[in-house]
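Counting starts at 1 for both ligands and their atoms, in listed order. Computation of the quantities below employed the complete heavy-atom set of this structure, encompassing side-chain atoms and omitting hydrogens, waters and symmetry-equivalent molecules.
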Amino acid sequence: MITRSIKKASLMAAAMALTALQSGAQTYLNPNAPIEARVQDALSRMTTHEKIKLLHAQSKFTSAGVPRLGIRQLNMDDGPHGVREELEWNTWSPARWTNDSIVAFPSLTCLASTWNRDLSSAYGNAVSEEFAFRGKDIMLGPGVNIQRTPLNGRAFEYMGEDPYLAGEMVVPYIQAAQRNGVACCLKHFVLNDQEIDRFSVNVNVSERAMNEIYLEPFKRAVEKANVWTIMGSYNLWNGVHCCHNDALLNGILKKGWNWDGALVSDWGGTTNTWEAATGGLDIEMGTYTDGKTKESEFTYDDYYLANPFEKLIEEGKVPMSVLDEKASRVLRTIFRTAMNPKKVIGSQCSEAHYDVCRQVGEEGIVLLKNEKNILPLDASKYQKILVVGENATRSLTQGGGSSELKTLRDVSPLEAFQTLYGDKIDYAQGYYSGRAIYDHVDRIDPEKQATLKAEALNKAKSADLIIFVGGLNKNHRQDCENGDRESYDLSYGQNELIAELAKIQKNTIVVTFGGNPYAMPWLNQVKALAHCWYLGSEAGTALTNVLSGKVCPSGKLPVTFAQKYEDYPYVAFGAEAYPGVNKQVYYKEDIFVGYRHFTTNNVKPLFPFGYGLSYTTFSYGKPTVKQENGNVVVSVEVTNQGKMAGKEVVQIYATAPLLSNIPRAAKELKGFAKTRTLQPGETEIVRISIPKDDLRHYDENTHGWALTKGIYTLQVGTNVNDIRRCVTTTID
Ligand code: GLC
């Protein structure tokens, strides 16, 4: 159906281009002409060499236009959380501009933790306004790789362990950004779920897990948001690099999903001309770098899709239609962005952007423990509040790899505590991380570490409340690109320090930053715990607004926090399942990633998927269910039973009828909705519509999706293990 309409559109466009050509009008320059007519008209005017130039970098972050015809180049830049500082034209060195300090928005895992589609739209709108203002046409993000291991160094840039949540939360961000005329570049397509051996690891995964888990968020973004560009991943699938993998890019993405966008390589992800020419790559970026540390003597014309590809065309070894197909996709991207009359001018560091930044932070913070309601903080109860920890003062917007940001505002937790509680606040660093942002080892001096610890423990004796602010950071082998964590534990002696602080003062609250779950041996000794992911420019403000009760926490975990590392499903399968052996990794847990494993195999997590406390409580009425227009619609009344206004996230987990021949997960998230702020006693009727197609499973025998007939149990809850109500519906 869709193919037919694309064919019809291209025939129409060709006819229009022909008319325009005859009339001499430059349709491609007519901003009101249909994009397909502009594409065909431009293509008909270009030489072979001009088409080739469109297909590869002309600098570190731009690909060429057609200067002779007045067709603009494509300006790209990182990253998912804000516009990267300007780098030099040809190198990874900062260009040292003085007007490129921007808003650092919270990490995408934080956005996922809000479970708030409206906020995702606000985020996409705001961050794309900053990209537009800096003259960028393509933003290199967001990322929706699946968090199958809590050690993945880049998990903070992604949206959790569940494909439905990641897909649903990324769609509004993309729609809003592209409404501003800025293309998203969804990454990293696909299976880039670890950083160890990222350039060379070959991922072995079942066809069913590939479709039900790893492709799903990308498919949802293509089908619901029509994402305009996608970034191929460095790793291999079935022995072929994903940046030019014919089965993946031509087979699944372009033909299977009828995608009309441009596939951009990751920087240095292109490895040979023939595959680049025939394997679905459209724009080759960053080649001839070895992990971005040194440039080769090659010029941009030596790129695989440059002269070597042009030679294949001239020799007739690759038909001109292949070149035209690539060039059309790049031209379509140019007319959607750089030459789009509706592209916004945008803005930078506006208060509206800081508001979005703060709101996403406030709604993404997950309150995991709150014993005796020590939170919200009533500062009048305390004389001396000791803040301990390097993350109370360290900027967490720098470092981490390509998503690093140069900010104009960067409110630290300590600053915000001091603003709010004045001289009640004392501070001790407690530990330090060696700030080895790009060094490959944290240079920790044990003497210095011991001194910092002793100082904190000494100060703790005179404090009547301790707020520890720690967790992970953006150092290499913490939350940072091109390396994974080496342990499920927190580093730098934090566990021992927290335990000793709590022994001295039982009123101890722990606040952690980080993109991944971690072990908490001290959990029973502390009164409260809030996990913040990364909050960006308004970190301190968002954190103190939640701890002080100005904002009621509503964040819910997009990942499972296991009791211990060994509980993660792939661990039992050994090194082959992670990080792989001889550059081969096998996803042996198959579809049982995250809570799919913990619920199906009755493994009790420390904190389950979807978990997050509030300062109030919500009750659920009796849900009703009906089927209409191909959807299963569940309605349920949610009432705020507590004393404080707050928001609830209603989650629906489906349990499908068991199948004789294939295993199924005990529960799968198939719907969610966040209420508006409910005042105490207020009720909202929450209505969640689940397309029946979302209840299908992937059948490897037919290589397609199948909907099992039978009774589906729909569990309505506040996290995957806290089900409040159940309804059933029968699929005939
Ligand atoms: C990096 C990352 C990618 C980033 C690109 C440009 O290696 O994998 O996410 O957008 O290069 O910096």
Side-chain angles (χ1 to χ4, degrees), residues 56-63 74-95 100 107-109 127 131 134 136-146 152-159 170 177 182-201 203 217-218 227-236 241-243 262-271 281 283-295 300 303 398-406 437-438 474 476 479-484 515:
H56 60 84
Q58 65 173 7
S59 77
K60 192 51 80 184
F61 281 97
T62 69
S63 59
L74 281 171
N75 299 326
M76 314 175 191
D77 214 342
D78 289 310
H81 310 142
V83 202
R84 190 173 187 175
E85 72 173 314
E86 207 65 25
L87 299 183
E88 287 184 346
W89 187 250
N90 281 323
T91 76
W92 290 105
S93 310
D100 57 350
S107 63
L108 288 191
T109 313
V127 71
F131 274 89
R134 277 270 297 285
K136 309 300 178 186
D137 306 301
I138 301 179
M139 50 191 293
L140 301 175
V144 285
N145 291 106
I146 293 294
N152 179 2
R154 289 189 83 173
F156 71 99
E157 291 186 60
Y158 306 143
M159 303 183 87
V170 85
V182 176
C184 284
C185 189
L186 193 59
K187 65 189 187 182
H188 303 86
F189 192 63
V190 69
L191 298 168
N192 182 184
D193 307 308
Q194 66 187 58
E195 289 298 288
I196 290 178
D197 294 331
R198 66 170 175 162
F199 298 107
S200 54
V201 73
V203 179
F218 292 92
V227 63
W228 287 342
T229 69
I230 289 177
M231 185 185 296
S233 60
Y234 287 127
N235 54 280
L236 295 84
H241 280 280
C242 289
C243 285
L263 195 286
V264 183
S265 75
D266 200 340
W267 269 238
T270 311
T271 60
L281 176 61
I283 307 179
E284 176 187 353
M285 298 301 292
T287 300
Y288 298 117
T289 67
D290 69 345
K292 306 187 305 240
T293 51
K294 81 173 186 306
E295 299 302 316
Y300 295 106
Y303 272 41
Q398 295 161 22
S402 59
S403 63
E404 62 182 350
L405 296 170
K406 171 172 149 186
I437 284 185
Y438 282 116
K474 299 289 188 70
H476 189 71
D479 283 325
C480 182
E481 186 174 330
N482 207 24
D484 286 346

Atoms in ligand 1 flagged as close to Trp92, the criterion being non-hydrogen separation under 4.0 Å: 12 (O)

Non-hydrogen side-chain atoms of Glu195 and Glu481 separated by less than 4.5 Å: yes

Lys187 N/O to ligand 1 N/O under 3.5 Å: yes

Part of Arg154 with heavy atoms under 4.0 Å of ligand 1, whether side chain, backbone, both or neither: side chain

Enumerated ligand 1 atoms positioned under 4.0 Å from heavy atoms of Arg84: 12 (O)

Side chain proximity check, Glu86 to Lys406, heavy atoms < 4.5 angstrom: no

His188 neighbourhood, listing ligand 1 atoms whose heavy-atom distance to it stays under 4.0 Å: 3 (C), 8 (O), 9 (O)

Polar contact flag for Tyr234 and ligand 1 (N/O pairs, less than 3.5 Å): yes

Main-chain N/O of Tyr158 paired to Thr109 side chain as donor or acceptor, under 3.5 Å: yes

Between Arg198 and Asn482, a side-chain donor and acceptor under 3.5 Å: yes

Lys60/Asn90 under side chain to side chain contact (heavy atoms under 4.5 Å, CB included): CA gap, chis, key distance, verdict: CA-CA 5 Å; Lys60 192 51 80 184; Asn90 281 323; 6.0 Å; no

Check: His188/Arg154 side-chain N/O donor and acceptor closer than 3.5 Å: yes

Structural part of Phe199 in contact with ligand 1, heavy atom criterion under 4.0 angstrom: neither

Close approach of Arg198 to ligand 1, heavy atoms, under 4.0 angstrom: yes

Residue of the set Lys136, Arg84, Arg134 for which salt bridge (charged side-chain N to carboxylate O under 4.0 Å, His left out) holds with Asp78: Arg84

4.0 Å heavy-atom contact, Met285 with ligand 1: no

